[in-house]
Amino acid sequence: DQQVKQNSPSLSVQEGRISILNCDYTNSMFDYFLWYKKYPAEGPTFLISISSIKDKNEDGRFTVFLNKSAKHLSLHIVPSQPGDSAVYFCAALMIKAAGNKLTFGGGTRVLVKP
Amino acid sequence: NAGVTQTPKFQVLKTGQSMTLQCAQDMNHNSMYWYRQDPGMGLRLIYYSASEGTTDKGEVPNGYNVSRLNKREFSLRLESAAPSQTSVYFCASLLSGLNTEAFFGQGTRLTVV
């Protein structure tokens, strides 16, 4: 039962244009959503997060949008740069007394062409 | 700032051997996690821990045990390694609240032959 899904395994975009990465989830009890970027042979690095009570959060070139009714979130990168080429993961956090469960999607590989 | 430190970085095991992957964080976080990453599979949660002495199963716990003896350290043990456990393993710790963020180690690349 995959609770967090990234249905696009890959995305190719021209430098300077917008990259839009999508993520769907099934459990309405998630409290936070996070986006991570991962280069080969490195650990994932945090990009941006959003609380489930918000619908938008922005940090520099990165904006995350949350549509709770559709159980969908997206990450917008504007403008895209060649250094953004990496695998991007969305994650969902459920805060419980017994523990904070953090579940990841399968990732989307982004290639930014110069 | 060490953050999350994993050891070893690389390991080759023979089928049936045992080993423990070590993870330590110096950020005073309560929650810690172990994930495995396989090609095309994303990050799958093995076990997680809310605090010292408490652990819970994730999506793929079979074949693994964990130990959270103190707030700082969370270890992952393979009692009898199998080729299906060949993977890259990541440890993480979580800061939750206004600026929720999980911090990851650099990973352990494990090969079971």
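So that the names make sense, note that chain A is the first sequence line, chain B the second, and so on, each numbered from 1. Hydrogens, waters and symmetry mates play no part in the numbers below; they use all other heavy atoms, side chains included.
Near-neighbour residues of residues 7-16 of chain A relative to chain B, defined by a heavy atom under 4.5 Å from a heavy atom of that chain, are none.
The pair B/Asp38-B/Arg44 meets the salt-bridge criterion, with a side-chain N (NZ, NE, NH1 or NH2) lying under 4.0 Å from an Asp/Glu carboxylate O. A salt bridge links A/Arg61 with A/Asp84: the closest approach of a Lys/Arg side-chain nitrogen to an acidic carboxylate oxygen falls below 4.0 angstrom.
For B/Tyr47 (side chain) and B/Tyr35 (main-chain N/O), no donor-acceptor pair under 3.5 Å exists by modelled atom type. Under the 3.5 Å distance criterion, the side-chain polar atoms of A/Gln6 are matched with a main-chain donor or acceptor of A/Tyr88.
In this structure, the ring of A/Tyr36 has its center less than 6.0 angstrom from the ring center of B/Phe104.
For A/Leu34, the part sitting under 4.5 Å from any heavy atom of chain B is the side chain, from C-beta outward, and nothing else. With a threshold of 4.5 angstrom between heavy atoms, B/Thr54 does not approach chain A through any atom at all. Both the backbone and the side chain of B/Leu43 come within contact range of chain A, with heavy atoms under 4.5 Å apart. Contacts of B/Gln6 with chain A are absent, with no heavy-atom separation under 4.5 Å from either backbone or side chain. Only the side chain of A/Leu93 has a heavy atom closer than 4.5 Å to any heavy atom of chain B.
Two residues are said to be in side-chain contact when any heavy atoms from C-beta on lie closer than 4.5 Å; A/Ile18 and A/His76 meet this criterion. Side-chain contact between A/Thr103 and A/Tyr25: absent, with no pair of heavy atoms (C-beta onward) separated by less than 4.5 Å.
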(request) Apply ring-ring contact (aromatic ring centres under 6.0 Å, His included) to the pair A/Phe65 and A/His72, showing each step before the final yes or no. (result) CA-CA 8 Å; A/Phe65 296 93; A/His72 176 84; over 10 Å; no
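Heavy atoms only, all atoms of each residue included: B/Met32 and B/Cys91 are closest at CE-SG, 4.0 Å.
Contact count against chain B (heavy-atom pairs under 4.5 Å) is highest for A/Pro44 among A/Gly106, A/Pro44, A/Gly107, A/Gly99.
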